[in-house]
Protein chains: 2
Amino acid sequence: MNALFKALNDPTRRAILERLRGGPATAGAIAEQFQFSAPTISHHLDLLRQADLVTSQKQGQFVVYTLNMTVLDELLGWLYQFKS
Amino acid sequence: MNALFKALNDPTRRAILERLRGGPATAGAIAEQFQFSAPTISHHLDLLRQADLVTSQKQGQFVVYTLNMTVLDELLGWLYQFKS
DNA sequence: TCAATGATTAGACAAATATCTAAATAAAAT
DNA sequence: ATTTTATTTAGATATTTGTCTAATCATTGA
């Protein structure tokens, strides 16, 4: 839960998640979208993976990142306790 | 949105929100629940208020904090874009 | 085999964060 | 009036965080 909130507490990482809503993408393709350096984006992707918000598969020299929606259920569950 | 995620990115603040689920409470009553100093809790309450997750009313020398659930809808809305 | 490409790791640094103690403010009680 | 109680503000400090450049690793292509 800590890693989840931590991962979401950054606009760049949230933008990456929104980008992945449109389908999986390589680290490089994701990085192109932002003004930050590739290592910076790589670090953001690492934090997203630590939170289990994304998964990564190596395909040749590329690394493909995919959104993992299941962990969001945990968050939704936490939020729903406040709705009532 | 930034202030919201920032406010949620701390276990103490999340515990404060859960505490307020049981009803409004004074700053002192909230602080008693934790090992941190009163100023520290006051600061956490300030961040929660900045995110509009709580409201505060002064009652005599006390300050009563109340959970504000409406802002959570914004968060739920953001999350739901990923559910489908 | 060697060079190029995609990505991560390592290390540095400035900015933000969580905490504390001490001081200030404000209301209540003596 | 003075003291006590509730809370916040101010200032300090150690830790965490986001970013960068340089270096490394791994795969592909010449």
Reckon [X] has a side-chain N or O less than 4.0 Å from the OP1 or OP2 of [N]?
| X | N | result |
| --- | --- | --- |
| Ser42(B) | dT8(D) | yes |
| Ser37(A) | dC20(D) | yes |
| Tyr65(A) | dT8(C) | yes |
| Thr26(A) | dA7(C) | yes |
| Thr40(A) | dC20(D) | yes |

For this session: Could you tell me whether Asp46(A) contacts a base, only the sugar-phosphate backbone, or nothing, with contacts defined as non-hydrogen atoms closer than 4.0 Å?
Result: nothing
Exercise. Reckon Leu47(B) touches a base, only the sugar-phosphate, or nothing at all at heavy-atom distances under 4.0 Å?
Worked result: sugar-phosphate
Seminar exercise, completed: Between the CG atom in Leu17(A) and the CZ atom in Arg19(A), the distance rounded to the nearest 0.5 Å is 12.5 Å
Exercise. Counting heavy atoms not belonging to Gln35(B), are there more than 12 under 6.0 Å from its CD?
Worked result: no
Taking only the side-chain heavy atoms of [X] (C-beta and beyond), determine which of [options] contains the nearest atom.
| X | options | answer |
| --- | --- | --- |
| Asp10(B) | dA18(C), dC20(D), dT8(D) | dA18(C) |
| Lys58(B) | dA27(C), dT19(D), dA26(D) | dA27(C) |
| His44(B) | dT7(D), dT19(C), dT21(D) | dT19(C) |
| His43(A) | dG18(D), dT7(D), dT8(C) | dG18(D) |
| Pro39(B) | dT19(D), dT19(C), dT21(C) | dT21(C) |
| Lys6(B) | dA22(C), dT17(C), dA18(C) | dT17(C) |

Seminar exercise, completed: Assign each of Gln59(A) and Gln35(A) the nucleotide of DNA chain D bearing its closest heavy atom; nearer the 5' end lies the nucleotide of Gln35(A)
Problem set entry | Thr26(B) and Val63(B), any side-chain heavy atoms less than 4.5 Å apart | no
Problem set entry | N/O donor-acceptor pair under 3.5 Å between Arg14(A) side chain and Ala7(A) backbone | no
Exercise. Any donor-acceptor pair under 3.5 Å joining the side chain of Gln61(A) to the base of dT28(D)?
Worked result: no
